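Below: one structure, written as structure tokens.
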Amino acid sequence: MEAINNEEAKAYFSRELLIWYRRIKRDLPWRMNQDPYRVWVSEIMLQQTRVDTVIPYYERFMSKFPTVRALAEAPEPEVLKCWEGLGYYSRARNLQAGAREVVERYDGVVPDDKASVAGLKGVGPYTTGAIMSIAFNRPEPAVDGNVMRVLSRYFCLEEDIAKPATRVGIEKLAASLIPEGAAGDFNQALMELGALVCTPKSPSCLPCPVMEHCAARIAGRETELPIKTKAKPPRPEKRVSVIVAGTGVNEGKILVRQRPETGLLAQMWELPHLLVPKEQEQVVEAAGEGSGSSTEYAAAGEWLTRSLETDTGILIRPRGWFMDTDHIFSHIHWKMRVYLADLGPHAEMAEASGASLAAETAAAYEVDGLRDEYRWIGPKDMETLAFPNVFLRILRDYWT
DNA sequence: AAACCGTGGTA
DNA sequence: TTACCAAGGTT
């Protein structure tokens with residue numbers, strides 16, 4: 001291995017990486033052209049999400065919302081439905097808010113201006129650099145996890161890449177590596193190398209275009225780098241969810257609700273569910289699949305009925321266990337038990353009162369105190385409302 | 001700075 | 001099976 005100085009190592013890296021990328025780059029949907037809107041949508045979808053997962057979502061999204069204006073004018077629930085199953089749903093709402101800002105402030109044209117792009121909702125330092133370089137070929141760094149890993153190895157950097165300050169330092173380095181007039185290709189080359197060659201677990205150094213002068217490789221430390229502090233494991237939460245079957249005018253339907261505007265799974269739809277307090281965990285645990293006596297079922301059912309009534313004003317009548325399912329978010333682990341139920345006695349009384357259909361519905365609302373966020377839905381409504389995966393799985397089970 | 005925000009692939 | 005983690009951003 002020829003010993004070279006740092007400036008030579010940098011020039012070599014930029015030159016060889018760019019040549020390599022232009023030879024082997026993948027043919028991806030968002031690389032069809034450099035339309036800033038297409039680049040923008042792809043970068044938002046690709047945040048913390050694999051290429052293979054994104055591709056079908058991207059195709060669907062672009063055919064439904066082909067322009068900034070189309071996205072800006074769409075009803076928000078349609079945008080959320082298009083994002084269903086992809087996760088990090090605030091990305092979808094921020095993206096549409098950004099599109100609306102581009103229509104109002106920039107006449108529907110994504111501005112070729114770093115500060116303006118950086119000011120759009122959901123666009124942070126990485127995405128700003130990605131849009132500026134890929135769409136407009138501006139010499140801005142776009143430092144994501146791939147880039148931090150690749151540069152940590154090539155330059156044998158030992159800073160913890162989990163720390164925000166480390167990314168800032170690597171941005172300066174990445175900026176100094178951008179070849180004249182080739183910002184977009186070079187930034188994508190860095191990420192392509194990280195995705196295909198310089199992978200997290202076992203990097204494939206032999207086909208690497210810059211292996212010869214990779215400091216970590218030369219030191220035999222390529223698997224030790226980058227240094228990254230471990231994430232905390234998700235905290236466990238026991239939850240009980242209920243499928244409430246409608247009767248009368250709601251025959252064949254079930255009760256769902258829309259989540260609040262902020263926080264976890266914001267504005268997504270879900271089955272009614274409750275956090276099980278520590279002191280109730282034993283009671284719920286005892287009433288599972290064929291594992292509880294009638295007494296134990298009654299105890300769990302009583303707790304569920306009382307809690308749901310307190311929380312939502314809806315009086316149910318538990319009918320039995322349906323399924324258990326685990327769902328792991330990035331920071332919470334839901335251990336969910338699902339029960340079947342129908343409505344309690346006073347709802348039936350309202351239906352049996354002999355009132356007209358409209359009056360009956362109104363009466364049911366009054367008697368049940370059904371709040372705005374609740375709705376009776378059938379299978380057909382699943383095509384319109386956006387549900388997170390944990391509830392999609394349960395509902396598909398229920399309706400098949 | 002550290003917690004919050006989803007999901008699925010991989011070893 | 002557990003553990004890691006992927007083209008991050010916001011608060």
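Since the structure is predicted, the reported quantities are computational estimates derived from the model, not experimental observations. Only heavy atoms go into these numbers, but all of them, side chains included; no hydrogens, no water, no symmetry mates. Here is the naming used below: chain letters follow the sequence lines, and residue numbers restart at 1 for every chain.
- The C1' atoms of C/dG9 and B/dA1 are separated by 15 Å, rounded to the nearest whole Å.
- Checked against side chain to side chain donor-acceptor pair (under 3.5 Å), A/E302 has no partners two or more places apart in sequence or in another chain.
- Note on A/R93: nothing from the nucleic acid sits closer than 4.0 angstrom, heavy atoms only.
- As a whole-Å value, the separation of A/E192 CD from C/dA6 P is 15 Å.
- Whole-Å rounding puts the A/E43 CD to C/dG9 C1' distance at 14 Å.
- What separates CD1 of A/I161 from C1' of C/dG8 is a distance of 13 Å, to the nearest Å.
- Counting atom types as modelled, A/T49 pairs no side-chain N or O with a base atom of B/dG8 as donor and acceptor under 3.5 Å.
- Proximity of A/F322 to A/D397: side-chain heavy atoms (C-beta onward) are separated by under 4.5 Å at one or more points.
- Rounded to whole angstrom, the span from the CE atom of A/M148 across to the C1' atom of C/dC5 amounts to 12 Å.
- A sub-4.0 Å separation between OP1 or OP2 of B/dG6 and a side-chain N or O of A/H327 is absent.
- A/I55 places its CD1 atom 15 Å from the C1' atom of B/dG8, with the value rounded to the nearest Å.
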Could you list all N or O pairs between the protein and nucleotides 9-11 of chain B that sit under 3.5 Å apart?
none

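- Taking atom CG of residue A/L80 and atom C1' of nucleotide B/dG6, one finds them 13 Å apart after rounding to whole Å.
- Considering only side-chain N and O atoms, A/Y57 lies nowhere under 4.0 angstrom from the phosphate OP1 or OP2 of B/dT7.
- When distances run from any side-chain atom of A/T127 to the nucleotides B/dT7, C/dG9, B/dC5, the shortest one goes to C/dG9.
- Across all strands shown, A/I44 has no heavy atoms under 4.0 Å from either base or sugar-phosphate atoms.
- Of the two residues near DNA chain C, A/N94 and A/V51, the one whose nearest nucleotide lies more 5' is A/V51.
- If you measure from atom CZ of A/R167 to atom P of C/dG9, you get 7 Å, rounded to the nearest angstrom.
- With sequence neighbours excluded, the residues satisfying salt bridge (charged side-chain N to carboxylate O under 4.0 Å, His left out) with A/R105 are A/E101.
- As judged by a 4.0 angstrom heavy-atom cut-off over every strand, A/V123 is placed among residues touching the sugar-phosphate backbone only.
- Rounded to a whole angstrom, the distance from the C1' atom of C/dT1 to that of B/dG8 is 16 Å.
- Looking at residues two or more places apart in sequence or on another chain, you find a salt bridge (charged side-chain N to carboxylate O under 4.0 Å, His left out) between A/R217 and A/E222.
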Taking only distance into account, with no hydrogens and no angle test, what donor-acceptor pairs under 3.5 Å do side-chain atoms of residues 65-73 of chain A form with protein atoms, sequence neighbours excluded?
unit_1	atom_1	unit_2	atom_2	d
A/T67	OG1	A/A70	N	3.0
A/R69	NH2	A/D107	O	3.3

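- Counting side-chain heavy-atom gaps under 4.5 Å among Ile, Leu, Val, Met, Phe, Trp and Tyr, the cluster of A/L225 also holds A/I227.
- If you check every strand for non-hydrogen atoms under 4.0 Å, A/G194 touches nothing.
- The 12-atom threshold is not exceeded at CD of A/E289, counting heavy atoms of other residues, nucleotides or ligands nearer than 6.0 Å.
- In terms of the salt bridge (charged side-chain N to carboxylate O under 4.0 Å, His left out) criterion, A/E159 has no residue partners (sequence neighbours excluded).
- Atom-to-atom, CG of A/L46 to P of C/dG9 comes out at 12 Å; the value is rounded to the nearest Å.
- A heavy atom lying under 4.0 Å from DNA chain C marks the following residues of residues 16-41 of chain A, by number: A/R26, A/L28, A/W30, A/R31.
- Residue-level contact check: A/P233 touches neither bases nor backbone, having no heavy atom under 4.0 Å from any strand.
- Of the charged side-chain nitrogens involved, at least one lies within less than 4.0 Å of a carboxylate oxygen, so that A/E237 and A/R239 count as a salt-bridged pair.
- Note on residues 145-203 of chain A: pairs passing ring pair (Phe, Tyr, Trp, His ring centres under 6.0 Å), not counting sequence neighbours, are A/F13-A/Y154.
- Mapped onto DNA chain C by nearest heavy atom, A/K228 and A/K121 fall at different nucleotides, with A/K228 at the one closer to the 5' end.
- Proximity note for A/S330 (side chain, C-beta onward) versus B/dG6, B/dT7, C/dG8: the nearest is B/dG6.
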Between the protein and nucleotides 1-4 of chain B, which nitrogen or oxygen pairs are less than 3.5 angstrom apart?
none

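- In this structure A/S42 satisfies the side chain to side chain donor-acceptor pair (under 3.5 Å) test with no other residue, sequence neighbours excluded.
- Remark: A/E270 engages A/R257, A/R259 in a salt bridge (charged side-chain N to carboxylate O under 4.0 Å, His left out) (not counting sequence neighbours).
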Full working for salt bridge (charged side-chain N to carboxylate O under 4.0 Å, His left out) between A/K335 and A/E281
CA-CA 11 Å; A/K335 301 167 92 65; A/E281 284 184 2; over 6 Å; no
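- Contact annotation: A/Q48 reaches the phosphate of C/dG8 (side-chain N/O to OP1 or OP2, under 4.0 Å).
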